[in-house]
A.B. asks: 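Below are the structure tokens for one structure; questions will follow.
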Amino acid sequence: MAWALFDLDDTLLDHDSFTRLTLRLLARSPMRAAGALIVAPLVAVAFARRSWRVHAGSLLLWVGTVGVDDARLRGIVRDHVADLDVRSRLRPGGAAALSHHLDAGDDVVVVTACADLLATPLCREIDPRVRVVASTLRRRWGGLVADRHCHGPSKAAMIAAAGVRGGVGHAYGDSVSDAPMLDLADTAHLVNMSDADTARTRGLLTGPGLVVRAEWPVRGRTRNRPDR
């Protein structure tokens with residue numbers, strides 16, 4: 001038995017899950033939509049700098065959640081997950097890899113920048129045996145903002161804090177920013193990465209003995225090949 005680590009958005013799922021929820025929160029009322037338009041210039045400026053992007057998302061999330069209590073928010077998330085039909089949004093290649101590891105008795109962990117508020121119910125729908133390591137949120141001035149962002153180097157730190165140490169057989173990610181997580185595994189799977197991103201990611205990896213490129217389209221066949 002070993003650990004298997006999966007990114008969530010655009011790896012297992014075919015979309016950015018928390019962005020979709022944030023848009024739903026903003027669309028709930030004309031006032032929230034108008035608030036999003038007012039802060040849009042600030043969001044655009046923040047989003048232009050990679051290190052500020054989490055703050056751009058926080059600003060929109062705050063507009064969408066200010067004044068919404070925790071019980072109401074949980075209800076909104078529950079309705080969102082039900083409407084999403086999560087199993088239908090899984091990439092077939094990701095679903096197959098996930099089932100393979102679970103059937104083999106591996107401990108499967110989804111490690112995601114998506115906030116725990118959404119990531120945990122999404123993963124319950126995918127398979128209740130899956131563990132979740134996700135970003136966290138906190139309340140500020142009546143709304144939710146980012147707290148700890150499970151992204152880049154923070155992924156490795158949060159994985160360790162969750163008790164995952166040693167014995168990581170496989171890790172799957174779709175972005176160069178997943179390199180710290182991928183570096184923990186014996187085999188790193190680069191999902192749908194371009195040639196340029198594959199080269200950049202390989203240059204950052206020192207731990208894996210094998211790097212595999214995985215093509216997981218939304219529909220169609222999946223082809224895996226050892227990276228050369």
Side-chain angles (χ1 to χ4, degrees), residues 6-91 94 110-126 128 130-155 157-158 173-175 177-178 192 218:
F6 286 82
D7 178 48
L8 181 63
D9 294 344
D10 294 316
T11 300
L12 286 175
L13 294 180
D14 63 3
H15 64 283
D16 185 321
S17 57
F18 203 73
T19 295
R20 189 177 291 263
L21 174 63
T22 301
L23 292 174
R24 179 172 184 147
L25 290 166
L26 293 170
R28 290 177 56 243
S29 76
M31 287 188 65
R32 293 185 193 277
L37 289 175
I38 290 169
V39 302
L42 290 175
V43 171
V45 170
F47 195 79
R49 295 190 61 174
R50 186 176 298 274
S51 61
W52 291 2
R53 287 180 183 175
V54 65
H55 303 298
S58 277
L59 188 54
L60 290 174
L61 177 62
W62 184 88
V63 173
T65 58
V66 64
V68 181
D69 64 30
D70 291 344
R72 177 61 182 140
L73 190 59
R74 286 193 296 270
I76 294 169
V77 171
R78 185 169 56 248
D79 291 344
H80 176 74
V81 171
D83 291 345
L84 192 60
D85 187 11
V86 177
R87 297 289 304 182
S88 72
R89 306 308 300 265
L90 284 171
R91 294 180 181 273
V110 169
V111 187
T112 175
C114 177
D116 180 69
L117 172 75
L118 177 61
T120 293
L122 283 175
C123 289
R124 286 198 193 111
E125 291 294 315
I126 293 170
V130 170
R131 306 186 192 190
V132 181
V133 176
S135 296
T136 59
L137 304 173
R138 61 189 174 95
R139 287 219 172 251
R140 189 168 187 181
W141 299 318
L144 290 177
V145 296
D147 182 18
R148 192 166 187 196
H149 193 39
C150 188
H151 181 266
S154 292
K155 278 196 172 185
M158 293 177 75
D174 72 301
S175 169
S177 65
D178 288 324
N192 295 340
V218 176

A.B. asks: So, taking the atom named OG in S154 and the one named CZ in R148, what distance separates them when rounded to the nearest 0.5 Å?
C.D. replies: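 So the gap between those two atoms works out to 6.0 Å.
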
A.B. asks: Are K155 and V133 packed together at the side-chain level, in the sense that at least one heavy-atom pair is separated by less than 4.5 angstrom?
C.D. replies: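 With C-beta onward as the side chain, the pair stays apart.
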
A.B. asks: Where do T112 and L122 land on the side-chain contact (heavy atoms from CB on, under 4.5 Å) test, with the steps shown first?
C.D. replies: CA-CA 11 Å; T112 175; L122 283 175; over 6 Å; no

A.B. asks: Any heavy-atom pair between the side chains of L61 and F18 that's under 4.5 Å?
C.D. replies: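 Counting from C-beta outward, F18 and L61 do come under 4.5 Å.
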
A.B. asks: How long is the straight-line distance from NE2 of H15 back to CG of L84, given to the nearest 0.5 Å?
C.D. replies: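 It comes to 4.5 Å.
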
A.B. asks: Let me confirm one number: the CG-OG distance from L117 to S135, rounded to the nearest 0.5 Å.
C.D. replies: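 Atom-to-atom, L117:CG and S135:OG are 11.5 Å apart.
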
A.B. asks: Looking at every heavy atom in both R139 and L144, which two are closest together, and how far apart are they?
C.D. replies: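 For R139 and L144, the tightest heavy-atom pair comes out as CG-CD2, 3.7 Å.
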
A.B. asks: Quick one: pull up OG1 in T11 and CG in D174 and give me the separation to the nearest 0.5 Å.
C.D. replies: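 The CG atom of D174 is 3.5 Å from OG1 of T11, to the nearest 0.5 Å.
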
A.B. asks: Would you find a donor on one side and an acceptor on the other, under 3.5 Å apart, between the side chain of R32 and the backbone of A27?
C.D. replies: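 Side chain of R32 to backbone of A27: no pair is present.
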
A.B. asks: Which value, rounded to the nearest 0.5 Å, describes the distance between D14 atom CG and D10 atom CG?
C.D. replies: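 Going from the CG atom of D14 to the CG atom of D10 covers 8.0 Å.
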
A.B. asks: Consider only side-chain N and O atoms of D9 and S17, and report whether a donor and an acceptor are under 3.5 Å apart.
C.D. replies: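 Looking only at side-chain atoms, S17 and D9 do form a donor-acceptor pair, the distance falling under 3.5 Å.
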
A.B. asks: So which atom in A119 and which in V132 form the shortest heavy-atom distance, rounded to 0.1 Å?
C.D. replies: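 Between these two residues, the closest heavy atoms are CB-CG1, 4.0 Å.
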
A.B. asks: Please name the pair of heavy atoms, one in M158 and one in A134, separated by the smallest distance, quoted to 0.1 Å.
C.D. replies: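 So the two residues come closest at CE-O, 3.2 Å.
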
A.B. asks: Looking at side-chain heavy atoms only, is the closest gap between R89 and R20 below 4.5 Å?
C.D. replies: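 R89 reaches R20 side chain to side chain.
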
A.B. asks: Considering the options T22, L137, L25, L26, which one meets the side-chain contact (heavy atoms from CB on, under 4.5 Å) requirement together with T65?
C.D. replies: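 It is L25, the one option of T22, L137, L25, L26 that forms the side-chain contact (heavy atoms from CB on, under 4.5 Å) with T65.
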
A.B. asks: Taking the side chain from S58 and the backbone from A146, do they hold a donor-acceptor pair closer than 3.5 Å?
C.D. replies: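 Checked: pair present.
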
A.B. asks: Determine the minimum heavy-atom distance between W141 and V66, stating which atoms define it.
C.D. replies: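 Nearest pair, atom of W141 first, then V66: O-CG2, 3.8 Å.
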
A.B. asks: Salt bridge check, D83 against R24: does any charged N sit closer than 4.0 Å to a carboxylate O?
C.D. replies: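 Judged by the 4.0 Å cut-off on N to carboxylate O distance, R24 and D83 do form a salt bridge.
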
A.B. asks: So L118 and V81, do their side chains get closer than 4.5 Å, heavy atoms only?
C.D. replies: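 Side-chain contact under 4.5 Å: yes.
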
A.B. asks: Between the side chain of R131 and the main-chain N/O of V110, is any donor-acceptor distance below 3.5 Å?
C.D. replies: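 The answer is no, because no donor-acceptor pair under 3.5 Å joins these two groups.
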
A.B. asks: Nearest 0.5 Å, what's the OG1-CG distance between T19 and L60?
C.D. replies: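 These two atoms lie 9.0 Å from each other.
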
A.B. asks: Taking all non-hydrogen atoms of both residues, which atom of D116 and which atom of P121 are closest, and how far apart?
C.D. replies: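 Closest heavy-atom pair between D116 and P121: O-CD, 3.9 Å.
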
A.B. asks: Closest approach of G94 and L12, non-hydrogen atoms and distance?
C.D. replies: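 For G94 and L12, the tightest heavy-atom pair comes out as O-CD2, 3.6 Å.
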
